[in-house]
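Here's the structure we're looking at; comments come further down.
Keep in mind the model is a prediction, meaning the values are calculated, not measured.
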Amino acid sequence: MATQTRTALVEDLMARFPHVPREAVIKEDLLRGGMAFDESALSGGGADGPGGGDVKPKSYFIFSFDHRTLPELGAAALNRPPEEIVLTGGPYGLRRTVVSVRVNPDSPYVVRGGEDGTLGLYLDGARISDVGLPPMPEYYRHKLSNGKSVMEVAPTIQWGYLIYLTVFRVCQYFGAKEECQFCDINHNWRQHKAAGRPYTGVKPVEEVLEALEIIDRYDTAGTSRAYTLTGGSITSQVGGRDEADFYGHYAQAIEERFPGRWIGKVVAQALPRDAVQRFHDHGIRIYHPNFEVWDRRLFQLHCPGKERYVGRDEWHRRILDSTEVFGPRNVIPNFVAGIEMAEPFGFTKVGEAIESTTEGLRFFMSHGVVPRFTTWCPEPTTPLGKANPLGAPLEYHIRLLEAYRATLEEFGLSSPPGYGPAGPGRAVFSVSSFMDSLEGLEEPAQDAPAAS
């Protein structure tokens with residue numbers, strides 16, 4: 001029996017799920033399986049960061065989001081691929097679609113130049129869309145007073161919408177008995193240090209403020225609208241501070257220096273209410289206490305450190321408690337879409353995985369909390385990535401988009417704040433297609449920073 005081509009799989013799903021935008025089908029496939037780059041398409045600044053190039057390079061802002069390690073990527077490691085690409089046109093008539101770059105040299109999707117020299121995305125050898133590259137922002141061309149690049153300290157993603165401040169580059173959940181089984185934050189730190197790349201472990205507040213000053217000065221169009229403070233989990237202290245005070249003191253400094261300039265967000269553990277209150281007091285307006293995976297057994301297996309230190313039930317209680325501080329719409333826990341089906345412990349049938357995840361969506365949305373999700377990239381240094389190099393089936397991701405929208409509509413909710421516009425052709429959120437799939441469910445005032 002002949003093996004189905006990827007093109008046939010994609011077109012079959014487009015036909016079976018006509019209410020899911022075609023853009024989202026392509027985007028999810030690229031996010032779950034990665035894309036390859038012809039060497040002629042690699043023009044992103046080099047290993048030491050951006051200089052005089054015209055293309056904004058991949059910053060590795062927290063995880064590797066690649067299907068190979070840096071030593072295995074060859075040219076894509078020496079001459080960085082772009083942070084994101086934008087797809088338009090082609091035989092599917094794609095509306096503008098922003099996709100985070102996840103490099104996989106073995107992918108059937110290849111970015112390369114055509115006969116006319118313009119870049120295109122090719123699937124199974126056929127050109128399926130035009131490819132646009134993110135321009136090098138002016139603020140990336142300026143260095144801090146100590147010589148560090150803005151990209152190292154305060155990279156921007158989502159086509160410049162979000163400033164991503166990974167201020168603690170490692171996680172204190174460490175080793176096989178504590179690390180989340182899908183997460184490569186600690187390996188990403190190690191591989192960049194081994195390659196001699198600048199990759200600051202703990203970013204001083206003064207450096208963050210200086211980088212933001214440069215962004216504020218040169219982002220004259222006001223493209224950057226939000227910042228996210230994040231990093232590894234803190235189970236003890238960093239610099240004499242617990243997790244709430246460590247991440248909170250950055251927020252306090254940012255809000256004092258740039259009051260109301262950006263929407264302040266923090267990705268941290270589900271913390272007790274008094275700690276969450278400190279985040280809010282420091283100026284944070286959106287809280288992301290990620291629940292990772294809904295199923296109880298899979299949470300225990302995939303998130304052993306979080307289960308050991310906090311526990312699934314307490315984690316969920318804390319998420320709901322935090323709504324009393326931030327309001328339900330401003331508590332937005334992430335889950336990693338696809339690990340529900342990861343061998344050896346995950347669901348083996350797509351329908352069962354969707355049923356489980358939808359149960360979680362209904363639990364949170366019934367309380368006014370709108371989760372969001374990142375499409376799982378099976379990084380090769382993680383236990384789940386090693387065991388599942390192909391990730392989850394594309395059908396799972398497409399059915400999840402369908403279930404996500406249906407659950408939002410069931411509870412009369414709209415897209416979460418702080419993610420830019422919703423809908424195909426408009427969304428900028430680049431690490432999953434949930435925003436691309438929510439045409440007509442956008443919160444009108446979502447981009448305005450909340451009042452203090």
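Inter-residue side-chain proximity for Val131 and Val86 is flagged as unmet; no heavy-atom pair is nearer than 4.5 Å. Put simply, the side chain of Ile254 reaches to within 4.5 Å of the side chain of Leu165, judged on heavy atoms. At least one side-chain heavy atom of Ser414 sits less than 4.5 Å from a side-chain heavy atom of Arg329. Side-chain contact between Glu410 and Met365: absent, with no pair of heavy atoms (C-beta onward) separated by less than 4.5 Å.
Checked against side-chain contact (heavy atoms from CB on, under 4.5 Å), Phe345 has the following partners two or more places apart in sequence or in another chain: Arg297, Leu298, Leu301. Every residue two or more places apart in sequence or in another chain that forms a side-chain contact (heavy atoms from CB on, under 4.5 Å) with Val170 is listed here: Phe168, Asn186, Trp189. Residues passing the ring-ring contact (aromatic ring centres under 6.0 Å, His included) test with Trp294, sequence neighbours excluded: His316, Phe363, Phe364. Looking at residues two or more places apart in sequence or on another chain, you find a ring-ring contact (aromatic ring centres under 6.0 Å, His included) between Tyr173 and Tyr309. For Arg312, the side chain to side chain donor-acceptor pair (under 3.5 Å) test picks out no residue, with sequence neighbours left out. Scored by the side-chain contact (heavy atoms from CB on, under 4.5 Å) test, Glu402 finds Phe17, Val20 as partners (sequence neighbours excluded). Every residue two or more places apart in sequence or in another chain that forms a ring-ring contact (aromatic ring centres under 6.0 Å, His included) with Phe335 is listed here: Phe291, Phe373. Listed by chain and number, the residues in a side chain to side chain donor-acceptor pair (under 3.5 Å) with Asn388 amount to none (sequence neighbours excluded). For Asp274, there are no side chain to side chain donor-acceptor pair (under 3.5 Å) partners two or more places apart in sequence or in a different chain. By the side-chain contact (heavy atoms from CB on, under 4.5 Å) test, Glu409 is found to be paired with Arg405, Leu441, residues two or more places apart in sequence or in another chain being considered.
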- Test log, rule ring-ring contact (aromatic ring centres under 6.0 Å, His included), inputs His302 and Phe182: CA-CA 7 Å; His302 293 342; Phe182 51 85; 7.1 Å; no

- Could you give me the CA-CA distance, side-chain angles and deciding distance for Thr228 and Val266, then say whether side chain to side chain contact (heavy atoms under 4.5 Å, CB included) is met? CA-CA 5 Å; Thr228 291; Val266 66; over 6 Å; no

- Task: Apply the test salt bridge (charged side-chain N to carboxylate O under 4.0 Å, His left out) to residues Glu152 and Arg169: give CA-CA distance (whole Å), side-chain angles for both, the deciding distance (0.1 Å), then the verdict.
- Result: CA-CA 11 Å; Glu152 155 62 8; Arg169 290 285 202 178; 3.5 Å; yes

- Trace of the salt bridge (charged side-chain N to carboxylate O under 4.0 Å, His left out) decision for Asp313 with Arg296: CA-CA 9 Å; Asp313 291 343; Arg296 179 183 299 276; 3.0 Å; yes

- Message: Pair Phe37, Val101 - check side chain to side chain contact (heavy atoms under 4.5 Å, CB included), show working.
- Response: CA-CA 10 Å; Phe37 283 83; Val101 166; 3.6 Å; yes

- Task: Run the numbers on Thr97 and Lys27 for side chain to side chain contact (heavy atoms under 4.5 Å, CB included), then give the verdict.
- Result: CA-CA 8 Å; Thr97 305; Lys27 181 170 175 174; 3.7 Å; yes

- Message: Glu213 vs Arg257, test: salt bridge (charged side-chain N to carboxylate O under 4.0 Å, His left out). Steps then yes/no.
- Response: CA-CA 9 Å; Glu213 173 68 41; Arg257 175 65 185 83; 2.3 Å; yes

- Please step through side chain to side chain contact (heavy atoms under 4.5 Å, CB included) for the pair Leu212 and Val208, ending with a clear verdict. CA-CA 6 Å; Leu212 291 177; Val208 171; 4.0 Å; yes

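Ionic pairing of Arg225 and Asp219 is not present here: no N-O contact between side-chain nitrogen and carboxylate oxygen is shorter than 4.0 angstrom. Lys58 has no carboxylate O lying under 4.0 Å from a charged side-chain N of Glu83, or vice versa, which leaves the two without a salt bridge.
Between the side chain of Asp295 and the main chain of Glu340, no donor-acceptor pair closer than 3.5 Å is present. For Arg318 (side chain) and Arg273 (main-chain N/O), no donor-acceptor pair under 3.5 Å exists by modelled atom type. Under a 3.5 Å cut-off, the side chain of Arg32 and the backbone N or O of Ala392 do form a donor-acceptor pair. When atom types are taken as modelled, the side chain of Glu23 and the backbone of Arg95 share a donor-acceptor pair closer than 3.5 angstrom. At least one donor-acceptor pair under 3.5 Å links the side chain of Lys203 to the backbone N or O of Val153. Checked by atom type and distance alone, the side chain of Glu72 pairs as donor or acceptor with a backbone atom of Thr69 at under 3.5 Å. No side-chain donor-acceptor contact under 3.5 Å links Glu442 to the backbone of Gly440. No donor-acceptor pair closer than 3.5 Å links the side chain of Gln181 to the backbone N or O of Cys303. Asn330 contributes a side-chain N or O that, together with a main-chain N or O of Phe326, makes up a donor-acceptor pair within less than 3.5 Å.
Atom CD1 in Ile332 sits 12.0 Å away from atom CD1 in Ile319 (nearest 0.5 Å). With rounding to the nearest 0.5 Å, the separation of CD1 in Ile26 from CG in Asp436 is 12.5 Å. For the atom pair NE2 of His282 and CD1 of Ile284, the computed distance is 9.5 Å after rounding to the nearest 0.5 Å. In this structure, the separation between CG on Leu42 and CG on Leu133 is 10.0 Å, given to the nearest 0.5 Å. The distance from the CD atom of Glu210 to the CG atom of Asn146 is 6.5 Å, given to the nearest 0.5 Å. A distance of 8.5 Å separates CD1 in Ile234 from CD in Gln269, rounded to the nearest 0.5 Å.
Nearest heavy atom pair, residue Gly34 against residue His67, reads N-NE2, 3.5 Å. Of all the heavy atoms in Glu207 and Leu144, the pair that sits closest is O-CD2, 3.5 Å.
A 6.0 Å sphere centred on CZ of Arg362 holds no more than 12 heavy atoms belonging to other residues, nucleotides or ligands.
Applying ring pair (Phe, Tyr, Trp, His ring centres under 6.0 Å) to Tyr164 and the options Trp262, Phe61, Phe63 leaves one that passes, Phe61. Across Phe434, Trp159, Tyr161, a single residue satisfies ring pair (Phe, Tyr, Trp, His ring centres under 6.0 Å) together with Phe429, and that is Phe434. For the salt bridge (Lys or Arg N to Asp or Glu O under 4.0 Å) test with Lys306, the passing option among Glu292, Glu179, Glu178 is Glu292; the others fail.
For the side chain to side chain donor-acceptor pair (under 3.5 Å) condition, the pairs that include at least one residue of residues 375-385, sequence neighbours left out, are Glu28-Thr375. Among residue pairs with one or both ends in residues 206-227, those qualifying as ring pair (Phe, Tyr, Trp, His ring centres under 6.0 Å) are His142-Tyr218; sequence neighbours excluded.
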